[in-house]
2 protein chains.
Amino acid sequence: MKNLTFKQLRYFEALARHGHFRRAAEACGISQPALSMQIKELEEEVGIELFERGARQVRLTGFGEEFAPRVRDILRSVDELGDLARVSRDRLVGRLRIGVIPTVAPYLLPTLLGKLSLLHKGLDIHVRETQTPRLLQELEEGRLDTAIVALPVSEPALTEITLFTESFVLVRPGADEGKPVPDPEAVREMRLLLLEEGHCFRDQALSFCNVDMRAAPPRDFLDASSLSTLVQMVDAGIGVTLIPEMAVPVETRSAGVSIARFREPEPSRTIGMVWRRTSPLAKQLLQISEAVRHATDALRQPRPVPSATAPATTPPTMPSAG
Amino acid sequence: MKNLTFKQLRYFEALARHGHFRRAAEACGISQPALSMQIKELEEEVGIELFERGARQVRLTGFGEEFAPRVRDILRSVDELGDLARVSRDRLVGRLRIGVIPTVAPYLLPTLLGKLSLLHKGLDIHVRETQTPRLLQELEEGRLDTAIVALPVSEPALTEITLFTESFVLVRPGADEGKPVPDPEAVREMRLLLLEEGHCFRDQALSFCNVDMRAAPPRDFLDASSLSTLVQMVDAGIGVTLIPEMAVPVETRSAGVSIARFREPEPSRTIGMVWRRTSPLAKQLLQISEAVRHATDALRQPRPVPSATAPATTPPTMPSAG
DNA sequence: GGTTTTTCATAAGGAAATCTTATCACAATA
DNA sequence: TATTGTGATAAGATTTCCTTATGAAAAACC
């Protein structure tokens with residue numbers, strides 16, 4: 001069975017159906033001798049005669065009868081292989097493993113997942129929510145297909161594409177509403193609540209306040225594990241914090257806190273999508289990045305943030321490593 | 001999917017398993033470039049990349065992951081095709097459709113079927129019991145694989161092989177035990193009970209009595225539909241009959257009839273097996289004919305038939321057409 | 001930082017397979 | 001007996017497939 005070919009099985013099937021060499025050959029688009037030879041070869045391969053050649057008719061032998069349904073099964077499976085490919089050609093199919101950092105995930109995913117599963121019906125989406133370094137590692141190990149993180153990642157093995165840039169806003173107790181917006185140095189002197197070690201957003205916030213991240217934290221920072229917690233801590237009067245614009249609608253829904261935009265240059269971060277440069281999904285991932293962009297556009301359309309200054313024009317990018 | 005080959009699928013499987021072109025190629029017994037080309041061609045065929053070539057590793061794409069189990073399925077089916085063939089190589093497999101004339105069937109089949117199904121485990125044996133002309137027709141139409149009939153059949157499209165020759169014996173009432181054995185002409189004058197029209201054995205019996213078969217039956221023959229019935233009629237004192245040797249043990253088991261051998265030349269018939277000259281089962285059928293011969297040897301070993309003369313040496317063959 | 005190594009892709013030529021046309025052999029039919 | 005229909009065979013052309021040799025890119029090493 002070493003040199004069995006698909007052609008032989010197709011020819012076999014045709015001959016079994018037509019019971020006639022010339023007609024079967026015609027159906028296969030080859031000459032009658034070619035068919036004869038391939039059938040003969042198949043029979044040699046198998047070691048048993050498959051057809052009984054009568055002077056007036058060709059019919060399957062008993063063994064051929066046993067052989068035929070199996071062959072048909074195989075040919076059908078191969079056809080299905082083709083179907084699968086055809087259907088998947090320009091659609092993403094199967095599993096899409098997407099990683100998202102925690103300061104983006106809760107705000108982006110609800111909208112994004114809906115859009116994606118609508119766009120790619122039957123797509124099996126796996127989401128991994130963790131911090132950037134782990135995401136990048138899993139990406140490079142092939143355990144993720146793409147990740148949504150703050151740019152730049154500066155990994156030569158990865159392609160990065162910008163999704164959007166968003167400002168950070170100050171979250172302070174409701175009572176502070178309307179007070180002048182502090183400048184970075186002033187924030188540093190306030191009780192600044194931050195995410196725990198490892199979140200890139202923590203570093204971005206610190207950087208904004210010109211804190212040397214390698215040095216010890218300037219004050220008795222309280223570390224929270226989510227933006228939600230941070231806002232609740234602000235609400236409790238423990239201090240102030242920064243959150244990305246995208247988080248505002250969700251996180252200030254019912255909290256007694258006030259939001260203030262900074263003066264220019266506003267702090268901001270750029271969120272992007274990355275994938276292995278070698279990934280054959282590039283085209284589809286690009287497509288997905290569009291979907292993400294649309295999803296976030298919708299998220300950032302309503303801007304209920306009272307602006308203390310004119311809206312920012314070209315905000316500087318924050319460091320994102322980590 | 002028109003030019004997909006098994007090789008490509010095998011190579012695909014190997015590459016998916018090894019994740020390494022050179023090693024996979026080695027496992028397939030080909031050179032690395034050959035593998036590269038076939039994989040590339042497969043990917044072109046499919047229209048989607050199946051592998052993601054990293055600098056340090058080769059791994060399946062998402063689509064490849066969907067593709068792989070189907071491919072493995074197909075390869076397994078093909079292997080099973082090979083297994084099926086290997087197992088069937090020198091064994092008869094599947095269905096064996098065997099036709100037997102009614103004056104042989106009841107005596108031969110019990111032994112034969114046991115032997116056959118022992119010899120070819122899993123063989124699906126179909127038996128057709130009917131008269132010679134129908135058997136031959138079904139044989140030629142491919143609805144039977146072989147038939148056991150009285151020879152000769154003289155059909156150029158059929159191969160015939162002799163199984164055995166057996167004598168006919170006279171069955172008469174038990175009271176006639178020991179009486180002189182009548183010669184053919186005398187039998188003609190007795191009330192000779194025969195099988196109904198169509199049985200070759202009827203013609204053979206008539207022929208023995210030198211009755212012209214084309215003429216009207218000489219006397220008020222009573223036609224029975226089986227040898228069993230004939231013997232029971234003899235037992236009832238209605239007349240005498242002839243039966244083949246093979247039927248003696250079974251048919252005279254409990255009847256009050258006596259058996260007498262004829263003087264030489266004993267009447268006899270030759271039973272043989274026939275099949276289409278084109279049948280690829282020839283080899284196996286020959287094998288089966290051996291089994292039949294052994295089965296009948298065993299049947300004819302005990303000869304409880306009182307012999308009126310010395311045993312026959314070269315009995316003349318009877319006509320068998322019909 | 002440059003060199004070596006590893007790995008897959010590409011190129012060119014040769015071997016093997018597959019196909020085509022032409023022809024044969026056989027048997028059924030007229 | 002001649003004719004027709006059928007599959008098998010033969011010889012040459014074509015296509016596919018494989019090998020060796022080489023290239024390019026990235027990783028590992030010194």
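Letters A, B, ... mirror the listed sequences (proteins, then strands); counts begin at 1.
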task = Answer yes or no: does a side-chain N or O of Arg53(A) lie under 4.0 Å from OP1 or OP2 of dG7(D)?
result = no
query = Pick the nucleotide of DNA chain D nearest each of Arg277(A) and Gln38(B); which residue has the one closer to the 5' end?
reply = Gln38(B)
inquiry  = Less than 4.0 angstrom from a charged side-chain N to a carboxylate O is my criterion; do Asp145(A) and Arg97(A) meet it?
reply    = yes
inquiry  = OP1 or OP2 of dG7(D) versus the side-chain N and O atoms of Lys40(A): is any pair under 4.0 Å?
reply    = no
query = Are His20(A) and dG7(D) close enough that a side-chain N or O sits under 4.0 Å from OP1 or OP2?
reply = yes
Whole-Å distance separating the CZ atom of Phe21(B) from the P atom of dA25(D) = 17 Å
key: Side-chain H-bond candidate by donor/acceptor type, Thr270(A) with Thr162(A), under 3.5 Å   = no
ask   = If you check every side-chain atom of Ile30(B), which of dA8(D), dC18(D), dT10(C) has the closest atom?
value = dC18(D)
query = Between Pro156(B) and Arg22(B), who's closer to the 5' end of DNA chain C by nearest nucleotide?
reply = Arg22(B)
query = Does the distance from a Lys or Arg side-chain N to an Asp or Glu carboxylate O, for Glu197(B) and Arg202(B), drop under 4.0 Å?
reply = yes
task = From the options dA11(C), dT9(D), dT18(C), select the nucleotide whose nearest atom is closest to the side chain of Pro33(B).
result = dA11(C)
query = According to a strict under-4.0 Å criterion, is Tyr11(B) in side-chain N/O contact with OP1 or OP2 of dC18(D)?
reply = yes
key: Closest listed nucleotide, where the reference is the side chain of Met37(A) and the choices are dT18(C), dT7(C), dC19(C)   = dC19(C)
task = Could you label the plane-to-plane angle of the Phe12(A) and Phe51(A) rings as parallel, tilted or perpendicular, counting under 30° as parallel and over 60° as perpendicular?
result = tilted
ask   = OP1, OP2 of dC19(C) versus side-chain N and O of Lys7(A): anything below 4.0 Å?
value = yes
